[in-house]
Amino acid sequence: MLETVSHHFDAACDRLGTRDDLRAVFSTPYREVTVQIPVRLSDGLIHNFSGHRIQHNGARGPFKGGVRFHPTVDINEIRALASLMTWKTAAVNIPFGGAKGGVDCTVADLQPNEIEQISRSYIARIAKLLGPTRDIPAPDMRTNAQVMTWMMDEYSRLHGYTPAIVTGKPISLGGSQGREAATGRGLSYVFREAAPSLGITPSEATFAVQGFGNVGSWAARIMQQLGCRMVAVADTSGAIHSDAGIDAEKLTEFTAAGGKVSEFEGADRLEPDEFFGVGCDVMIPAALGGSIHHQNAGRLRCRMVIEGANSPTTFAADAILVERGIAVIPDVIANAGGVVVSYFEWVQNLQYFEWEEREVNSKLGTIMRRTYREVSARAETEHVSLREAAYLIGVDRVIEASEMRGYVS
């Protein structure tokens with residue numbers, strides 16, 4: 001993942017004519033912290049997890065980025081994701097920098113009280129780095145509103161009640177209306193903006209979703225509300241397919257009750273390597289990074305890829321998709337709905353007021369549509385892909401802010 005994000009950053013710098021000394025500044029993080037998180041688990045033994053928080057760049061505002069709990073978490077992955085957050089917040093033009101955090105634990109193997117211990121211990125160990133105007137964590141893979149509540153409470157024990165220290169909280173504790181669905185809803189907004197250019201009619205479109213967690217399930221439900229038909233779904237349990245359509249609402253209810261996607265009735269089972277070969281108008285990768293790579297990019301039978309996950313397409317696969325004429329709406333703008341509504345939550349917390357969900361969704365739509373139009377216009381002017389255009393805009397804005405503030409000259 002780090003290689004992919006670095007490749008796109010370098011390509012943007014090449015086109016912008018960025019000096020080598022400036023590249024060195026913006027390609028490396030401002031601060032990296034790794035901490036021990038020893039926790040006694042139900043087996044009676046102390047397990048020592050590793051926690052990371054990487055602050056990449058804060059020229060445009062406080063550091064902002066999620067915290068993921070996943071066994072594959074490592075320092076290079078967090079570096080890549082922190083960098084991606086810098087360019088993402090700049091591309092959508094909200095006043096944040098980029099950061100990311102993670103703990104290498106397996107949530108499925110832990111009891112709720114053990115997850116709470118890890119959450120609190122992690123925050124206690126990095127608390128000096130954080131603050132509502134310094135660094136604001138948020139949910140990410142395998143973390144949720146409950147985890148954010150524990151993190152907020154732990155920070156508040158040390159510094160007094162501070163709801164703006166994290167975003168993605170429950171509504172009852174300062175969370176924003178519309179935050180849970182924000183990333184999936186943001187995907188639907190950019191889809192509606194991009195569809196006409198490819199001759200796609202949303203009410204007649206078909207789509208497939210890889211990963212049916214928060215992002216994938218909400219994207220599927222909202223796309224279905226537009227009239228789109230979901231024809232394939234895949235997750236860690238397997239993949240299913242139905243030309244007649246798979247009901248996103250029913251599948252969400254089924255998985256929420258503990259069911260596996262591969263066991264959902266009314267659809268045919270697919271081998272995992274067959275999923276990306278399903279014919280559809282839109283493919284939505286919403287699982288782990290690197291899921292579309294040089295070995296399967298040639299098998300895609302879609303007209304558009306909308307990246308719900310972070311860095312789901314390697315740069316080698318990206319080149320293949322461009323050559324094949326498959327439009328890619330890149331992660332740096334496509335899945336930015338989550339951080340945009342996190343920004344709204346932060347603003348509401350600082351000002352101690354609350355917006356209705358309709359207003360939140362309307363503001364989100366305004367930003368997502370504006371961002372897509374800006375990126376599309378830059379792509380057309382510079383004769384580059386949407387991904388290249390998004391990075392050009394993001395890198396350009398960060399460099400400008402850094403120069404104006406005197407960080408670099």
Side-chain angles (χ1 to χ4, degrees), residues 61 64 66 85 87-96 138-139 167-168 171 175-198 200-205 207 209 214-228 230 248-249 252 281-282 284 286 304-310 327-349 351 353-380 386-387 389-390 393-394 397:
K64 189 78 182 80
M85 283 300 299
W87 317 129
K88 183 182 298 184
T89 56
V92 298
N93 205 20
I94 56 177
F96 285 140
T167 57
I171 300 296
S176 176
Q177 299 285 344
R179 175 61 183 87
E180 185 180 357
T183 306
R185 191 174 300 280
L187 288 174
S188 73
Y189 285 132
V190 295
F191 164 67
R192 281 188 285 180
E193 284 296 309
S197 65
L198 296 178
I200 296 175
T201 302
S203 61
E204 300 173 0
F207 68 97
V209 180
N214 176 271
V215 176
S217 63
W218 274 111
R221 282 176 278 176
I222 295 169
M223 293 280 282
Q224 185 170 282
Q225 290 169 11
L226 298 177
C228 303
M230 184 165 65
E249 293 287 353
T252 299
D281 293 309
V282 182
I284 303 175
M304 177 192 298
V305 173
I306 308 179
E307 295 183 335
N310 286 317
V328 178
I329 314 299
D331 52 358
V332 72
I333 59 172
N335 68 23
V339 73
V340 170
V341 178
S342 280
Y343 164 56
F344 298 160
E345 180 177 335
W346 177 70
V347 169
Q348 292 172 85
N349 290 162
Q351 299 298 324
F353 66 79
E354 181 180 341
W355 294 329
E356 296 295 329
E357 184 172 358
R358 181 177 297 180
E359 185 173 4
V360 170
N361 292 341
S362 175
K363 292 178 184 296
L364 171 62
T366 297
I367 290 178
M368 297 302 291
R369 287 188 291 268
R370 180 198 69 205
T371 298
Y372 179 81
R373 291 166 187 167
E374 289 175 348
V375 171
S376 181
R378 185 74 175 259
E380 186 174 348
L386 291 174
R387 190 188 309 280
I393 291 172
R397 285 174 175 163

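We count residues from 1, following the sequence as given.
Screening Ile393, Val332, Val92 against Trp87 for a side-chain contact (heavy atoms from CB on, under 4.5 Å) leaves a single residue, Val332. Among Arg358, Glu354, Gln348, the single residue meeting the side-chain hydrogen bond (donor to acceptor under 3.5 Å, both in side chains) criterion with Gln177 is Glu354.
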Without placing hydrogens or testing angles, list every side-chain donor-acceptor pair under 3.5 Å for residues 215-222, not counting sequence neighbours.
from, atom 1, to, atom 2, distance (Å)
Ser217, OG, Gly213, O, 2.7
Ser217, OG, Asn214, O, 3.3
Ser217, OG, Arg221, NH2, 3.3
Arg221, NE, Ser217, O, 3.2
Arg221, NE, Thr252, OG1, 3.4

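Gln225 meets the side chain to side chain donor-acceptor pair (under 3.5 Å) test with no other residue; sequence neighbours excluded.
With rounding to the nearest 0.5 Å, the separation of CG in Asn310 from CE in Met85 is 8.0 Å. Rounded to the nearest 0.5 angstrom, Ile284 CD1 and Met304 CE are separated by 10.0 Å. Here the CG-CZ distance, from Leu364 to Arg185, works out to 8.0 Å after rounding to the nearest 0.5 Å. One distance of note links OH of Tyr189 with CD1 of Ile367; it measures 11.0 Å at 0.5 Å rounding. Phe191 CZ to Phe207 CZ: the interatomic distance, rounded to the nearest 0.5 Å, is 9.0 Å. The line from CD1 of Ile333 to CD1 of Ile306 is 10.0 Å long, rounded to the nearest 0.5 Å.
Summarising the local packing, CD of Glu359 is surrounded by more than 12 heavy atoms from other residues, nucleotides or ligands at distances under 6.0 Å.
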### Stepwise side chain to side chain contact (heavy atoms under 4.5 Å, CB included) check, Asn335 with Lys88
CA-CA 9 Å; Asn335 68 23; Lys88 183 182 298 184; 2.6 Å; yes
### Task
Show your working on salt bridge (Lys or Arg N to Asp or Glu O under 4.0 Å) between Arg397 and Glu374 and close with a plain yes or no.
CA-CA 13 Å; Arg397 285 174 175 163; Glu374 289 175 348; 3.3 Å; yes
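When all heavy atoms of Ala138 and Thr167 are compared, the pair lying nearest together is CB-OG1, 3.4 Å. The heavy-atom pair separating Ser188 from Leu226 by the smallest distance is CB-CD1, 4.3 Å. The shortest non-hydrogen separation linking Pro139 to Arg179 is CD-NH2, 4.0 Å. Ala334 and Val190 make their closest contact through CA-CG2, 4.2 Å (heavy atoms, listed as atom of the first residue, atom of the second, distance). Closest heavy-atom contact between Ala91 and Ala390: CB-O, 4.1 Å. Between Val341 and Ser176 the shortest heavy-atom distance is CG1-OG, 4.0 Å.
Using a 4.5 Å cut-off on side-chain heavy atoms (C-beta onward), Glu193 and Ile329 make no contact. Using a 4.5 Å heavy-atom cutoff, the side chains of Lys64 and Trp346 are not in contact. In this structure, the side chains of Asp281 and Glu204 stay at 4.5 Å or more apart for every pair of heavy atoms. Put simply, the side chain of Cys228 does not reach to within 4.5 Å of the side chain of Val282, judged on heavy atoms.
Side-chain atoms of Asp331 never come within 3.5 Å of backbone atoms of Glu307 as a donor-acceptor pair (strictly under, hydrogens ignored).
No donor-acceptor contact under 3.5 angstrom links the side chains of Glu249 and Gln224, judged on distance only.
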